[in-house]
Amino acid sequence: MSCETLREHLDDYLDGRLAEATERAVSEHLAECGACSRRLQEARDLQGALREMAVPPPSGDLLERAMQARARTARARRQMGALAAAASLLLAVAAGWLALDTRQDPLEGTRMVAVTPNQPEKVSLVFNSSERLEEVTLTVKVPEGVELAGYPNQRELSWRTTLEAGRNVLELPVILRSITERALAARLEHGDSRREFRLRLQPQEPEPTGGLSLTEGPAA
Amino acid sequence: MSSSGDSGPAADFEALVGPHVDHLYRMAYRFTGRREEAEDLVQDLLVKLYPRVEELARVDQLRPWLTRVLYNQFVDQHRKRSRLRLWGSNEDPEDDRGDPFDRMASDNPGPERAVQDRFTQAQIEEALAQLSHEHRAVLALHDMEGYTLVEMTTILEVPTGTLKSRLHRARARIRRLLTEDGTF
Ligand SMILES: [Zn+2]
């Protein structure tokens, strides 16, 4: 048996999967060939090392934690459902938004939209995603001086949602209760990744305005 | 229709899944190589499985079934994560890895055993982290946890022939990663 053939059989030899005749041929070669014996020994050493790889204990009771997380999610979902229906918060989801390339993301930083104070204005947040992302948490923070129509006291909204690939639009009916500028903050979290951006609401004289699409146009 | 209240289904769920949580965490750690990721993986899985408690109750061999679902979830997240990492959330290097182990099983040390002293747990973890999830999974199941190829077919849903060649390729790859000269 050649060294090359032996090498092909090495793993099966280690695992005891060779037919008797082949196994004997391998053993005979090993008895004579120092290089192949060393190779075998190294492979054994690695296997031994893999078997002994430590597993650190978990930081807590995973089952209990999961049950608590489930209860929290169920509660949040109920609240969210009611709110979304009543306030007609439309979350059309788009995906891949979080899967960004290394360029600066156009969403990062601050955008501005002009709104007429003291009347509901629809503000569209558009999230472009290059892929579908499940279990995304979207949080909108509402500052003093801004209301979500129908929910004057709601300062923070949080959803668990899925972003679909492509465009995801969130329309927020906001009322600017201030004559000076205010800023909405939105945060997207997925796994241990997160993104934040701000939308400045600037008061303007009453005249028709559209929503603002935040993602059109490249960053540079 | 099930009776009202959470205690019924919750208790059923805990009774069914509870005995397997340690195993799931262990496997999750094998797949991910990171404690936090392993914990998240298990927790996400448990939350996802909770509404399926009736289905779980009908599963014949729950442990391999759960391990398979865990693996599928791992593959799913792994795919997303590898892309998400691009704009990384500043993942901290592991701080719970412990000391590199310098004494690996070495029942009969000889002059040719330098390789063993060369490998620390950290080095092996680093090499494992560079493998594809398929390669990592076969090494985790077969070489670390001692599963047979036949047992692995139900978890990975791949025939034994494929698994065997995958195992060989995975070993060849990690050997290459662990030895500069590539002769190993
Ligand atoms: Zn040889």
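Quantities reported herein were computed from a predicted structural model and do not represent experimental measurements. Naming convention: chains lettered A, B, ... in sequence-line order (proteins, then strands); numbering from 1 in each chain.
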### Task
Identify which part of A:Asp61 has an atom lying under 4.5 Å from any heavy atom of chain B, answering side chain, backbone, both or neither.
neither
#### Entry: Value rounded to 0.5 Å, distance of CZ in A:Arg65 from OG in A:Ser59
4.0 Å
### Task
Give the C-alpha distance, both sets of side-chain angles, the deciding distance and a yes or no for salt bridge (charged side-chain N to carboxylate O under 4.0 Å, His left out) between B:Glu54 and B:Arg58.
CA-CA 7 Å; B:Glu54 286 174 19; B:Arg58 289 194 302 269; 5.0 Å; no
### Query
Using non-hydrogen atoms only, which part of A:Ser37 is less than 4.5 Å away from chain B: side chain, backbone, both, or neither?
neither
### Query
Measuring from B:Gln73:CD to B:Asp40:CG, what's the distance to the nearest 0.5 Å?
10.5 Å
### Query
With a 4.5 angstrom heavy-atom cut-off, which part of B:Leu167 approaches chain A: side chain, backbone, both or neither?
side chain
### Message
Pairing donors with acceptors under 3.5 angstrom, does anything connect the side chains of A:Thr22 and A:Tyr13?
### Response
no
### Query
Which answer fits B:Leu24, side chain, backbone, both or neither, if we ask what part of it has an atom under 4.5 Å from a heavy atom of chain A?
neither
### Task
For the pair B:Arg30 and B:Glu145, evaluate salt bridge (charged side-chain N to carboxylate O under 4.0 Å, His left out) and give the outcome as yes or no after the intermediate values.
CA-CA 9 Å; B:Arg30 292 304 193 201; B:Glu145 294 295 329; 2.8 Å; yes
### Query
Top residue by heavy-atom pair count (under 4.5 Å) with chain A, among B:Arg171, B:Lys164, B:Met144?
B:Arg171
